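Remarks on the structure that follows.
All chains are named by letter (A, B, ...) in the order of the sequence lines, taking the proteins before the strands, and each is independently numbered beginning at 1. Computed from a prediction, not measured in an experiment: that's the story for all the values here.
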Amino acid sequence: MRQVYLDYSATTPVKEDVLNAMIPYFTEKFGNPSSLYTVGTVSREAIEKARGQVAKLINAQDKEIFFTSSGTEADNWAVFGIVDALKNKGNHIITTKIEHHALLHTGDFLEKHGYDVTYLDVEPDGRVNPEALKAAITDKTILISIMFVNNEVGTVQPIKELAAIAKERGIVFHTDAVQALGNVHIDVKDLGVDLMSVSAHKIYGPKGVGALYIRKGVQLSNFMHGGAQESKRRAGTENLPGIVGFGKAAELAYENLDAHIKKVSELRNYFIDQVMSKIENVTLNGSKEFRHPGNANLTFEFIEGEAMLLYLDMKGIAVSTGSACSSASLVPSHVLSALGIPVEKIHGSLRFTVGEPTTKEDIDYVVEQLVEVVNKLRSISSVSKTKGW
Amino acid sequence: MRQVYLDYSATTPVKEDVLNAMIPYFTEKFGNPSSLYTVGTVSREAIEKARGQVAKLINAQDKEIFFTSSGTEADNWAVFGIVDALKNKGNHIITTKIEHHALLHTGDFLEKHGYDVTYLDVEPDGRVNPEALKAAITDKTILISIMFVNNEVGTVQPIKELAAIAKERGIVFHTDAVQALGNVHIDVKDLGVDLMSVSAHKIYGPKGVGALYIRKGVQLSNFMHGGAQESKRRAGTENLPGIVGFGKAAELAYENLDAHIKKVSELRNYFIDQVMSKIENVTLNGSKEFRHPGNANLTFEFIEGEAMLLYLDMKGIAVSTGSACSSASLVPSHVLSALGIPVEKIHGSLRFTVGEPTTKEDIDYVVEQLVEVVNKLRSISSVSKTKGW
Amino acid sequence: MAMYNDKVMDHFMNPHNVGEIQGADGSGTYGSPVCGDMMKIDIKVENDVIKDAKFKTFGCGSAIASSSVATDMIIGLTIDEALAVTNKQIIDELGGLPAIKIHCSVLADHAIKSAIYDYAQKNGKTYKGLEGFDPNADEDEHGCEV
Ligand SMILES: Cc1ncc(COP(=O)(O)O)c(C=O)c1O
Ligand SMILES: Cc1ncc(COP(=O)(O)O)c(C=O)c1O
Ligand code: FES
Ligand code: FES
């Protein structure tokens, strides 16, 4: 049976070239990068090379890149680091209702510790209204954190415009660019952001390595305390092969960016067109124009996402859903909720993400199976267009 | 030229079997463990298997193991997690002067945030005096953190006795067992500890993965906030291949523990005997009896450690030093200082750690080269036994 | 070894002018083992020209390399010229040192001055380059924090 993975926003396989770059650093070139002897300095140089590769992908200076263990850690560091460093300046943070949990739950934690957190509403397409941001700023605002590209619906934010608002008011601006990296052009200098989180496993690099871009001159407290690694700003023996892999993945993403965007967006558009023409009562969630090139978040009315997901899995197809039924807490997707999508529709949502290995044949297969699955589940369902919800 | 790595306490190479276990999880079996489809559940099962392998090595229950990105993160989590969870109970922490920086710098950070931290002195052999611990406890003490095995001098602490003191007073007890894992027998149930940090890259597993043992029932706040991974206690997409590698390394360490201890301690003892018989004015730092099986921390009087380290590196030999000259901050080893060793002697200290791949021929080569290097540097030195310091 | 350049490594592995001069005309010691670096330098002087210089150093790779290159540099110089040698010149001669190791070159520069000071004291001479130089001054300048 054909296996079609269409969940590249959840994670990506490591590319062959990336894995090959990593392998030597597990065994022969395994030295601790902090060690002074040759076995250590070889490792140090490998890390510095990777730093350059990641920096280049976002047009940062090498020394503005600080490796972490994940996008999650980068998000935690950005937020905790700023609120601690600026605690005498204020206790108010602004973020959005559609952030990744790495931001939202950090916000929740801070709210329990005396901070005020504003979670901005978004427009129906998932975009933040710059006027809403302006209106939310107070004298106590010390950090604005708005994600670059949303992981569920793929909406791309006007980061440059939002960062300019922060700059005008002298407020630190952070963006979670975990989904943006390798999928949209990123130039930190042009964007004017102070802090940016990225993660390797979304760009065909390994899981368990990320980075925080810290614009030169931005002061923030450390999050991970200990050894003198990463210019004394992030402690812990470096994940050497992981960092090397991130570097290689970033290099490939840099070289391949335009072709990647073209390829996945064409396939994604073809997929959406096919689905729309073959299945009724389907809607596309999010923005048409400002969208992650591989993302198709669709609602199939009258049926439930987890059921679709399982059926598709039986046919070798991997996708995800915003349905409450699939979440550990039985809460429907906070992102789709924030877009104003009614709960019953959220239940019927599926996220498909096209990636580099995806082919047209894969898409055709998925469309074919999807038609079957949707028809089957609709035939079982107690709701329908005619019967109503 | 022979290459002899004798710095296994800094990091270890990944074993061939461990790497082979990891490889499939980069490419084919790359699914996000949180995903509901088969590609994801295969990953989830791999993580649960690894959890069992790590648990077995320390006699914990599987669900008491929480994977982190490093020993450093486990230490940070233990400390920040407890002080936050118990902030209404007190603000006093007890640790020691010889902890790893992951503990010490976390302590420094807390001191700047209204906490009291007692750094216990140690005996000249590096052991904590249980009476000193008892004397340091106050009504406000909420956490005692004492490392199991020291990374520089290898001293093994009487953890069971120290944990019992904590328990009697109802205080949470954490131990940093990063150097202990795979090198001494560990039975968390017998020891009676509440929290324990471990790291994969010290036991021939990969860098960038560690774990915190949390005894069932111990409450502590989260450190890494975000997704629902690790039973909602540690967020971030799991470092899947890293965790699989940690599991495999733990399994091998478990099977091999007695043979490993016997082998490395015999070679280590042979090394010390050879050095002592061939070089004058050498002293062994730390405890003879309560010691990491592979560790030999020696002071070579009248010469400086970084110079020795560089010479040895030219001869293919990798070791580390506690000399101030080799540290980024020009501060001599805090561990050797705490043992009461005079600064000029700390300058001449080298740490050798024997590991599994080490052979008798390696040791003979190192002794031979060491004699030469020490003689040469002593002939250049402005200090000597006759001239005095 | 990426920490030091080849020239530093060469002076460190094969230091020039190691030893002591019997009946030296001037002898100076600078630094302290407590700081991790102590250099002793002996000089032989004829007609105000340094004919020979030898050193012994307790210290790191860059302290030994600085000692070696500094003694090389002053042999053949007049006292006034030797006094004008700065740690910056020593570093340049070595082709650069890591920032954190700059203080090791200061050690060599001070040890030279100390040896010349000793020579001046023994011979009742004064040199402009020694004005304000105190061989027993606090060593804060070379970075020892102990
Ligand atoms: C937008 C966004 N932020 C943060 C993260 C977390 O990154 P990581 O999985 O590296 O912890 C993810 C993915 O999981 C994400 O999609
Ligand atoms: C005793 C001790 N604790 C903590 C650590 C930190 O562990 P990691 O390197 O996994 O961050 C180390 C090693 O670096 C160690 O030796
Ligand atoms: S219908 Fe079963 S969890 Fe929603
Ligand atoms: S002698 Fe200590 S750093 Fe050079």
Looking at chain B, which one of [options] has the largest number of heavy-atom pairs inside 4.5 Å, strictly under?
options: A:A318, A:S69, A:S70, A:G236; value: A:A318
options: A:M224, A:K29, A:E238, A:M314; value: A:M224
options: A:T68, A:I23, A:N76; value: A:N76
options: A:D7, A:D75, A:T321; value: A:D7
options: A:H225, A:E99, A:K87; value: A:H225

Does B:H174 form a side chain to side chain donor-acceptor pair (under 3.5 Å) with B:S145? I'd like the steps, not just the answer.
CA-CA 5 Å; B:H174 167 253; B:S145 178; 2.8 Å; yes
Residue, of B:G227, B:G242, B:S326, that accumulates the most heavy atom pairs under 4.5 Å with chain A
B:S326
Chain A interface, residue from B:D84, B:V209, B:I243 that has the most non-hydrogen pairs under 4.5 Å
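Sorted descending by pairs with chain A, the first entry is B:D84.
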With a 4.5 Å heavy-atom cut-off, do [X] and [Y] have their side chains touching?
X: B:Q369; Y: B:I317; value: yes
X: A:F30; Y: B:V14; value: no
X: A:L370; Y: A:L312; value: yes

[X] versus chain B, the contacting section by heavy-atom distance below 4.5 Å:
X: A:A228; value: neither
X: A:L104; value: neither
X: A:V18; value: neither
X: A:Y204; value: neither
X: A:T27; value: both
X: A:F26; value: both

With a distance cut-off below 6.0 Å to the six-membered ring centre and an angular limit of 45° from the axis, does B:R233 pair with B:F66 as a cation-pi contact?
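Yes.
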Does A:F352 form a side-chain contact (heavy atoms from CB on, under 4.5 Å) with A:V366? I'd like the steps, not just the answer.
CA-CA 10 Å; A:F352 304 81; A:V366 173; 4.2 Å; yes
Across all chains, not counting sequence neighbours, the side chain to side chain donor-acceptor pair (under 3.5 Å) partners of A:S9 are A:Q179
Using the ring centroid of each side chain, check whether B:Y115 and B:F109 are separated by less than 6.0 Å.
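Ring centres of B:F109 and B:Y115 not closer than 6.0 Å.
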What pairs of residues pass the side chain to side chain donor-acceptor pair (under 3.5 Å) test when at least one of them lies in residues 10-25 of chain A, not counting sequence neighbours?
A:T11-A:H201, A:T11-A:K207, A:K15-A:E356
